Amino acid sequence: MSEEPDTVASVIRDTALVRASGLVKRFGDFEAVRGIDVEVHRGEAFGFLGPNGAGKSSTMRMIACVSPRTSGDLRVLGGDPDVDGPRIRARIGVVPQQDNLDNELTVRQNLHVYGRYFGLPRAHVRARAEELLDFAQLTERADDEVEPLSGGMKRRLTIARSLVNDPELLLLDEPTTGLDPQARHLLWDRLFRLKQNGVTLIVTTHYMDEAEQLCDRLVVMDDGRVVAEGSPAELIRAHASREVVELRFAPGHQERAVPVARELAERVEALPDRLLLYTGDGEAALAAAHRRGLQPVATLVRRGTLEDVFLHLTGRSLVD
Ligand SMILES: Nc1ncnc2c1ncn2[C@@H]1O[C@H](COP(=O)(O)OP(=O)(O)O)[C@@H](O)[C@H]1O
Ligand SMILES: [Mg+2]
């Protein structure tokens with residue numbers, strides 16, 4: 001085969017594992033996904049960050065080839081989910097928002113059954129299951145039924161199950177929602193390892209800390225639309241500031257503080273219970289606020305986050 005320029009170009013284009021343009025999902029009259037454009041490249045951890053109802057799961061289910069798109073273009077691993085669904089599903093791993101494990105089977109049997117569902121050879125599935133039990137830190141629970149496991153263990157088993165077919169692309173819908181902080185950190189660690197092993201990750205979340213921990217690049221979704229795109233650092237630089245000062249006032253005192261605050265910061269957001277001052281130097285802004293006679297009852301200097309980005313873009317909070 002000759003190496004034509006065309007071939008090189010198509011190889012470069014092929015680094016997109018998912019490419020959506022003008023992607024729409026409608027349920028009856030209701031448009032849950034309103035024409036989004038997204039590209040996910042090989043090896044990256046890509047996120048959809050947005051509040052409940054933003055359209056994240058609807059988007060994920062179209063990418064996972066379990067829900068047909070209403071309109072727009074969608075390519076997953078180079079194929080069209082409408083015609084290549086089974087072939088694509090064989091090469092991806094899916095962790096749905098709700099665990100759908102088989103509660104009547106043991107932990108190990110859940111992995112075996114799923115592997116055979118993919119038509120993988122029995123001996124291969126058995127060996128793979130032991131590797132995955134170890135990876136998910138569930139070896140000790142391998143012969144237990146699923147039902148009594150903790151939420152974090154069930155989530156790890158669902159992830160282990162999604163890896164039975166050695167997928168090159170792993171879709172995780174709200175991987176840590178409802179888990180305690182320790183369980184979340186353990187899961188993030190496992191996902192980080194997968195990424196280091198070259199698995200491309202797509203994660204949806206409404207937790208800004210999860211997006212910052214896991215994602216190289218993300219889109220912020222709201223009301224079925226993409227409202228911003230970039231790395232966490234780029235988004236914070238563009239829509240927030242390096243530091244944020246939070247000022248809480250005694251009832252009735254916040255309103256009078258707003259004009260002063262506006263002179264001290266690049267931008268001020270007035271929330272019902274506090275003022276946020278966006279600034280490069282939080283301690284300096286706080287000192288200036290005290291010098292100008294402001295008397296907050298509580299103060300906090302912190303760095304800018306994706307929560308600030310979302311607030312700036314939509315006027316609302318990520319978590320209601
Ligand atoms: N099967 C469905 N039928 C009707 N409406 C749906 C269905 N699935 C989701 N929706 C609606 O679409 C919107 C987006 O939902 P979803 O994609 O689950 O958002 P997210 O995952 O960001 O919370 C919501 O308003 C939800 O109620
Ligand atoms: Mg969802």
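Note that this is a predicted model, so its numbers are computed, not measured. In each ligand, atom 1 is the first atom listed, and ligand 1 is the first ligand listed.
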**OP:** Check each of Val76, Asp166, Leu77, Leu169 against Arg91 using the side-chain contact (heavy atoms from CB on, under 4.5 Å) test, and report the only one that passes.
**Re:** Leu77
Subject >> Residue among Val24, Val226, Asp223, Leu23 satisfying side-chain contact (heavy atoms from CB on, under 4.5 Å) with Arg34 >> reply: Asp223
Less than 4.5 Å apart, any side-chain heavy atom of [X] and any of [Y]?
| X | Y | answer |
| --- | --- | --- |
| Phe48 | Ile63 | yes |
| Pro81 | Met62 | no |
| Arg256 | Phe249 | no |
| Glu147 | Lys154 | yes |

Heteroatom distance test ([X], ligand 1): nitrogen or oxygen, under 3.5 angstrom:
| X | answer |
| --- | --- |
| Ser58 | yes |
| Gln97 | no |
| Ala54 | yes |
| Gly55 | yes |

Original post:
Closer than 2.8 Å to the Mg ion (ligand 2), do we get an N, O or S atom from Ser58, backbone or side chain?
Top reply: no
Original post:
Is Asn52 close enough to the Mg ion (ligand 2) to have an N, O or S atom under 2.8 Å?
Top reply: no
Which residue and heavy atom of the protein sit nearest [atom], plus the separation:
| atom | result |
| --- | --- |
| atom 1 (N) of ligand 1 | Phe27 CE2, 3.4 Å |
| atom 13 (C) of ligand 1 | Phe30 CE2, 3.5 Å |
| atom 18 (O) of ligand 1 | Ser57 CB, 3.6 Å |
| atom 14 (C) of ligand 1 | Gly53 O, 3.5 Å |

Subject >> Sub-4.0 Å protein heavy atom near atom 27 (O) of ligand 1 >> reply: no
**OP:** Can you sort out which atoms of ligand 1 are near Asn52, meaning under 4.0 Å from one of its heavy atoms?
**Re:** 23 (O)
**OP:** Give a yes or no on whether Val244 and Leu286 share a hydrophobic cluster (residues Ile, Leu, Val, Met, Phe, Trp, Tyr; joining criterion: side-chain heavy atoms under 4.5 Å apart).
**Re:** no
**OP:** Using the Mg ion (ligand 2) as the apex, give the angle to atoms OE1 (Gln97) and OG (Ser57), rounded to 10 degrees.
**Re:** 80°
Subject >> Closest approach of Leu306 to Leu318 (non-hydrogen atoms, all atoms of both residues) >> reply: O-CD1, 4.4 Å
Original post:
What are the two closest heavy atoms between Asp308 and Arg302, and how far apart are they?
Top reply: OD2-NH1, 2.8 Å
**OP:** Consider ligand 1: state whether an atom of it lies below 4.0 angstrom from any non-hydrogen atom of Pro51.
**Re:** yes
